[in-house]
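Step one of this worksheet: look at the structure below.
We number each residue from 1, following the sequence as shown. All heavy atoms count here, side chains included; hydrogens, waters and symmetry mates do not. These figures come from a predicted structure and were not determined experimentally.
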Amino acid sequence: MLSSRLPLVIAFVATTACSAQPQQSSTTPPVASPGDPATPTPSPSAPPVTTLPDNAPDATVPNVPATTGRANLAATTPPFAIQKIGQFADPFAIAILPDGSALVTEKAGKIKWRHPDGTVADIGGVPKVLNEGQGGLLDIALAPDFATSKLVYISYSEPRTGGSSLALARGQFSGTALVNVQVLWRAGSDGVGGQFGANILFAPDGQSLYLSSGERQRFTPAQDPEQRLGKILRLTLDGKAWPGNPDYKAGGARAETWSTGHRNPYGMVFTADGHLWEEEMGPKGGDELNLILPGRNYGWPIVSNGDNYSGKMIPDHPSRPDLEAPKLWWNPSISPGGMIVYSGTMFPHYRGNLLIGALSGEALIRVSVSGDTAKAEEQWAMGARIRDVAQAPDGAIWLLEDDGALVRLTPKG
């Protein structure tokens, strides 16, 4: 077989490819108290999941090796001037405000506000989170009308009986706290497991949002239409099913689903032509860049260009041509983190390109896209695990590193 089955000889890479964080333990957390922010009434659900499977289900088709689309590149020296501009504790995501300040989430359940002068303040009002393994306070995004509404959306692992659930909440930014916080949506399927996904992206018209929901290291929920795990959901700004979804009339999880068959989707962006691009962590190898189309099935855990951590094979994507294959894939893994589509003036030659942070790959990766095609162009060795990527108002590129550093990239010279 071709290099799609290259072994991962470095144990650290193998253990971090799924999400670059340890698995969530099976300990039972406290349940949210009655004093917590208002939440939607939970729908009836199965008992909490208490154990995780070791492998994907047995293959049902012969393996057909993937021979195109592999995007691994030799790392090169970054063409940037790199300036450290902040330090945080176990950060996950960053949202830059119009004035150049930034809100940074820390997994322990804290939001930090970095002012343009570099000073940092604590922001209160964050709901309780289960800070365990890959869980905690995760993504943060400004509402499309933030300039007037001051609304901020956050995703996090919410403490539930027997484990946790991915939740989406919204609050108004007062300058010192999130106020009037409401939980708009939760994944359900409570229990143990990491791989929350949790990326929040607003539609170009600002009238709906997309939320990535990982399969929680459980494999099969990604193919279960009655579960919200392993999916990309399209929701109203109030967390309800978007009326234009492919199976809206079915109700429940089906009504919310935009695409299915995802493992751990960490980054989503819209390019100027309206295409929705998503990147996600594969298993042992097989990280993916996908062009997301409504109603399509992206194959996990039936197919993957990586394998189980045990070494047990998973058929490559060409084995099931009826399922959507990635436009690009990485094996060995890079463990993709945050992603942006660059639109600034500081690096005009990068405009319209995707910039993807790599955790185990310790790199920033540039991908050019045109219509429904993508090409890996450059992979810059950053010497640190890149958790999130953002673009500042002046066009500088900001990177949030897994060790807590916030760095600013500008042109050399």
Lys/Arg N to Asp/Glu carboxylate O, Glu401 vs Arg385, below 4.0 Å:
no
Take atom NZ of Lys249 as the centre, draw a 6.0 Å sphere, and report whether it contains more than 12 heavy atoms from other residues, nucleotides or ligands.
no
Out of curiosity, Ile365 CD1 to Asn353 CG, how far, rounded to the nearest 0.5 Å?
13.0 Å
Distance, nearest 0.5 Å, that separates OG of Ser208 from CG of Asp238
12.0 Å
In terms of relative ring orientation, are Trp277 and His275 parallel, tilted or perpendicular, with 30° and 60° separating the classes?
perpendicular
Using a strict cut-off of less than 4.0 Å between a Lys/Arg side-chain nitrogen and an Asp/Glu carboxylate oxygen, indicate whether Asp322 and Arg320 qualify as a salt bridge.
yes
Minimum heavy-atom distance Pro265-Ser212, with the two atoms named:
O-OG, 2.9 Å
Would you say Ser157 and Ser164 are linked by a side-chain donor-acceptor pair, where the criterion is simply a distance under 3.5 Å?
no
Atom of Leu151, atom of Phe146 and distance for their closest heavy-atom approach
O-CD1, 3.4 Å
Nearest heavy atoms of Ile94 and Ala390, plus distance in Å:
CG2-CB, 3.8 Å
Sequence-distant partners of His317, ring pair (Phe, Tyr, Trp, His ring centres under 6.0 Å), two or more places apart:
none
Gln391 and Trp398 side chains, donor-acceptor separation under 3.5 Å:
no
Shortest non-hydrogen contact between Arg114 and Leu406, atoms and distance:
CD-CD2, 3.7 Å
Is the ring centre of Tyr153 less than 6.0 Å from the ring centre of Phe202?
yes
For Tyr210 together with Trp258, are the ring centres under 6.0 Å from each other?
yes
Excluding sequence neighbours, so at least two apart, what forms ring pair (Phe, Tyr, Trp, His ring centres under 6.0 Å) with Phe173?
Trp113
With distance as the sole test, does Ser370 use its side chain to make a donor-acceptor pair with the main-chain N or O of Thr373 at under 3.5 Å?
no
Is it the case that Ser155 and Asp139 place a side-chain donor and acceptor less than 3.5 Å from each other?
no
State whether the side chain of Ser319 and the backbone N or O of Pro315 hold a donor-acceptor pair below 3.5 Å, judged by distance alone.
no
Residue that, paired with Gln195, satisfies side chain to side chain donor-acceptor pair (under 3.5 Å) out of Arg263, Glu280, His262:
Arg263
Please name the residue in the list Arg234, Lys231, Arg228 that meets the salt bridge (Lys or Arg N to Asp or Glu O under 4.0 Å) test with Glu256.
Arg228
Please find the pair of heavy atoms, one from Leu137 and one from Val126, that lie closest to each other, and give the distance.
CD2-CG1, 4.0 Å
Where is the tightest heavy-atom contact between Ile292 and Glu278, given as atom of each residue plus distance?
CG1-CB, 3.5 Å
Roughly how far, to the nearest 0.5 Å, is the CG atom of Asp90 from the CD atom of Glu106?
8.0 Å
Given 3.5 Å as the limit, does a donor-acceptor pair link the side chain of Ser174 with the main chain of Leu178, or not?
no
Scan side-chain atoms only and decide if Thr260 and Gln223 contain a donor-acceptor pair under the 3.5 Å cut-off.
no
Does atom NZ of Lys312 have more than 12 heavy-atom neighbours from other groups under 6.0 Å away?
yes
The salt bridge (charged side-chain N to carboxylate O under 4.0 Å, His left out) partners of Glu377 (sequence neighbours excluded) come to none
Suppose we screen for salt bridge (charged side-chain N to carboxylate O under 4.0 Å, His left out). Which residues come up paired with Glu378, at least two apart in sequence or across chains?
Arg366
How many angstroms lie between OG1 in Thr410 and CG in Asp394, if you round to the nearest 0.5 Å?
9.0 Å
For Asp247, does its backbone N or O pair with a side-chain atom of Asn245 as donor and acceptor, under 3.5 Å?
no
For Lys110, is the NZ atom crowded, meaning more than 12 foreign heavy atoms sit under 6.0 Å from it?
no
Please list, chain by chain and in numerical order, all residues satisfying salt bridge (charged side-chain N to carboxylate O under 4.0 Å, His left out) with Asp372, sequence neighbours excluded.
none
Is the side chain of Ser304 donor-acceptor paired with the backbone N or O of Trp300 at a distance under 3.5 Å, no angle test?
no
Carboxylate-amine/guanidinium contact Arg254 Glu226, below 4.0 Å
yes
Please confirm whether the backbone N or O of Leu166 pairs with a side-chain atom of Arg160, one donor and one acceptor, at under 3.5 Å?
no
Could you go through the salt bridge (Lys or Arg N to Asp or Glu O under 4.0 Å) check for Glu158 and Arg186 one step at a time?
CA-CA 8 Å; Glu158 179 188 48; Arg186 59 169 58 91; 2.8 Å; yes
Is a salt bridge present between Asp402 and Arg387, judged by a nitrogen-to-oxygen distance below 4.0 Å?
yes
For Ala56, is there any backbone N or O sitting under 3.5 Å from a side-chain donor or acceptor partner on Asn308?
yes
Looking only at side-chain N and O atoms, does Asn290 offer a donor or acceptor that is under 3.5 Å from a partner on Glu288?
yes
Nearest-0.5 Å distance that lies between atom CG in Leu211 and atom CH2 in Trp185
5.0 Å
Verify, without hydrogens or angle tests, whether Arg351 (side chain) and Val341 (backbone) share a donor-acceptor contact under 3.5 angstrom.
no
What residues, two or more places apart in sequence or in another chain, satisfy side-chain hydrogen bond (donor to acceptor under 3.5 Å, both in side chains) together with Asp54?
none
Would you check, one step at a time, whether the test side chain to side chain contact (heavy atoms under 4.5 Å, CB included) holds for Ile232 with Met268?
CA-CA 10 Å; Ile232 292 175; Met268 297 187 294; 4.0 Å; yes
Is Lys107 reaching over with its side chain to a backbone N or O of Gly133, donor-acceptor style, under 3.5 angstrom?
yes
State whether a side-chain donor-acceptor pair under 3.5 Å links Ser101 with Asp99.
yes
Is a side-chain N or O of Asp287 found less than 3.5 angstrom from the main chain of Glu279, in a donor-acceptor match?
no
